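Being a predicted model, the structure only gives us computed values, none of them experimental.
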Amino acid sequence: MKNYSSAMIKVLVIGDIMIDHYIYGKCNRISPEAPVQVVEVGKEEYTLGGAGNVIKNLISFNCEVEIISVIGEDNYGDLILSQLRGLGIGTAGIAKDPNRCTTVKSRVLASNHHLIRLDRENTIKIEQEIEAQLLVSINDRIGYYDIILISDYNKGLLTPSFLEKIFAVCKANGKKTLLDPKGTDFSKYKGVNIIKPNKKEAVLATGIEINNQETLLEACIMLQNITQCDEVVITLSEEGIASFSAGKLNLIQTKALDVIDVTGAGDTVLASIGVSIASNKSLTEACDFANHAAAIVVSKVGSAVASYEEIEEKFPTI
């Protein structure tokens with residue numbers, strides 16, 4: 001682990017930031033008004049979600065982080081700015097858009113059981129003025145960072161136009177990009193260095209039903225052809241993580257032992273691979289580290305993070 005934590009890695013995150021709202025309570029009865037559970041609220045928590053959860057994972061790995069994103073002109077947007085500042089992260093790369101609301105995901109949990117999720121969001125594409133403002137911020141910051149992580153939650157920020165410009169800037173400045181995609185049309189990601197879909201996303205993007213190593217390899221090759229990327233990572237849930245590099249497929253079995261909540265596990269994998277690549281690790285080594293980090297977070301409730309210390313304690317041989 002010393003090879004990872006010896007120097008502070010500088011990461012620029014570009015992506016959809018949001019608020020994760022957790023309502024915790026207990027449930028002992030059914031409502032007389034409808035056949036639904038009555039949850040007696042015990043406490044509520046508000047934390048950074050989406051690309052914000054990527055940030056929290058990066059901070060747990062002792063990284064220096066900044067974000068490029070968009071929020072609404074509302075109280076939840078102000079909460080995001082406040083929480084970023086509380087983490088010591090600058091907010092100059094955050095644009096306020098009066099035509100959208102800040103995305104909020106509210107989850108109701110009773111005795112650690114996830115009962116329902118309520119979403120407040122507006123997924124309209126950002127206007128050209130917002131795009132131009134954010135591109136200025138990216139150009140101002142791009143040279144400082146070791147790697148660029150792009151977290152797409154399909155909330156309107158990462159339009160094909162914006163992505164094309166991001167990739168062009170990164171390429172011109174020799175910065176590697178690692179992207180967590182969303183949706184079915186991966187052609188908009190043409191120009192990324194490493195793309196990291198999960199199994200379901202890879203199936204939808206390629207039309208290939210992944211059920212063995214042969215179809216997994218076919219999907220990786222097609223994803224590479226669609227995006228013209230250098231390398232592909234596909235997370236396979238309980239089956240582990242697959243990586244495709246230099247024409248070779250590598251499959252790492254999952255390290256997860258006690259799965260309680262998979263919320264945010266993809267964000268942990270994105271951050272873990274990014275930290276590893278920025279530490280000059282191979283993609284296989286990066287995926288192995290991410291597998292261990294993901295095992296930590298899925299054993300916790302909510303959008304959790306893993307630290308070097310936790311990973312080393314649970315997996316002392318890594």
Side-chain angles (χ1 to χ4, degrees), residues 1 3-18 47-70 80-81 83-94 134-135 137-153 157-158 162-163 166-167 169-181 189 191-196 229-231 233 264-283 285-287 289-290 292-294 297 303-308 311:
M1 302 299 297
N3 291 335
Y4 284 88
S5 55
S6 59
M8 181 174 284
I9 295 164
K10 299 179 285 293
V11 185
L12 180 63
V13 176
I14 305 173
D16 299 292
I17 195 167
M18 59 194 72
T47 185
L48 296 174
N53 192 46
V54 178
I55 286 175
K56 290 187 295 182
N57 276 273
L58 290 167
I59 289 174
S60 75
F61 294 140
N62 306 317
C63 295
E64 182 179 342
V65 191
E66 194 163 0
I67 182 164
I68 301 293
S69 192
V70 63
I80 284 177
L81 296 178
Q83 293 212 3
L84 286 171
R85 293 180 185 122
L87 292 171
I89 296 172
T91 58
I94 302 285
L134 295 176
L135 281 170
S137 295
I138 293 172
N139 274 295
D140 286 346
R141 293 159 173 74
I142 193 72
Y144 183 70
Y145 293 93
D146 299 312
I147 192 166
I148 313 302
L149 303 190
I150 303 173
S151 178
D152 191 357
Y153 273 80
L157 171 68
L158 295 168
F162 191 28
L163 283 164
I166 291 170
F167 296 142
V169 171
C170 291
K171 183 177 181 180
N173 287 272
K175 302 298 178 179
K176 183 167 286 189
T177 51
L178 168 62
L179 186 146
D180 198 344
Y189 302 125
V192 70
N193 293 114
I194 307 172
I195 194 161
K196 187 207 75 64
C229 66
D230 301 318
E231 297 170 309
V233 174
D267 299 325
T268 299
V269 172
L270 181 67
S272 303
I273 294 176
V275 166
S276 300
I277 296 298
S279 300
N280 298 315
K281 303 295 181 182
S282 69
L283 186 61
E285 290 172 317
C287 289
F289 175 67
H292 287 83
V297 301
S303 298
V305 300
S307 66
Y308 289 121
I311 297 170

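Side chain to side chain, Glu66 and Tyr144 fail the donor-acceptor criterion of an N or O pair below 3.5 Å. No hydrogens or angles considered: a donor-acceptor pair under 3.5 Å links the side chains of Lys56 and Thr47. Side-chain polar atoms of Asn173 and Tyr145 form no donor-acceptor pair below 3.5 angstrom.
Partners of Phe162 according to the ring-ring contact (aromatic ring centres under 6.0 Å, His included) rule, which considers only residues two or more places apart in sequence or in another chain, do not exist here. Legend: residues meeting side-chain contact (heavy atoms from CB on, under 4.5 Å) with Glu231, ordered by chain and number and at least two apart, are Ile194, Ser245, Leu283. Applying the side-chain contact (heavy atoms from CB on, under 4.5 Å) test to Ser137 and every residue at least two apart in sequence or in another chain returns Ile68, Arg141. By the side-chain contact (heavy atoms from CB on, under 4.5 Å) test, Asp152 pairs with Asp16, Asn154, Leu158, Lys182, Lys188, Tyr189, sequence neighbours left out. Annotation: salt bridge (charged side-chain N to carboxylate O under 4.0 Å, His left out) contacts of Asp180 (sequence neighbours excluded): Lys196. Under the side-chain contact (heavy atoms from CB on, under 4.5 Å) criterion, Ala290 pairs with Ile241, Val269, Ser272, Ile273, sequence neighbours left out.
Under the 4.5 Å side-chain criterion, counting only non-hydrogen atoms from C-beta, Asn62 is not in contact with Ile9. Looking only at side-chain heavy atoms (C-beta outward), Asn139 and Val169 come within less than 4.5 Å of each other. Residues Lys175 and Ile147 fail the side-chain proximity criterion, which asks for heavy atoms closer than 4.5 Å.
The two residues Ala293 and Phe61 make their nearest non-hydrogen contact at CB-CZ, 4.3 Å. The two residues Ile142 and Ile148 have their closest heavy-atom pair at CD1-CD1, 3.6 Å. Minimum interatomic distance between Leu134 and Gly93 (heavy atoms only, all atoms of both residues): CD2-O, 3.5 Å. Between Ile67 and Leu12, the shortest heavy-atom contact is N-CD1, 4.4 Å. Scanning both residues, Leu149 and Leu270, for their nearest heavy atoms gives CD1-O, 3.9 Å. Closest approach of Gly15 to Ser69, counting heavy atoms only: O-OG, 2.6 Å.
Each of Leu58, Asp146, Val65 was compared with Lys10 under the side chain to side chain contact (heavy atoms under 4.5 Å, CB included) criterion, and only Asp146 meets it.
Side-chain atoms of Glu285 come within 3.5 Å of backbone atoms of Ser282 as a donor-acceptor pair (strictly under, hydrogens ignored).
Between atom OH of residue Tyr153 and atom CE of residue Met18 there is a gap of 6.0 Å, rounded to the nearest 0.5 Å. For the atom pair Leu163 CG and Thr177 OG1, the distance stands at 10.0 Å (nearest 0.5 Å).
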Pair Ile89-Ile59, side-chain contact (heavy atoms from CB on, under 4.5 Å): steps then yes or no
CA-CA 10 Å; Ile89 296 172; Ile59 289 174; 3.6 Å; yes
Run the side-chain contact (heavy atoms from CB on, under 4.5 Å) test on Leu178 and Asn193 for me, step by step, so that the C-alpha distance in whole Å, both residues' side-chain angles and the decisive distance to 0.1 Å come before the verdict.
CA-CA 6 Å; Leu178 168 62; Asn193 293 114; over 6 Å; no
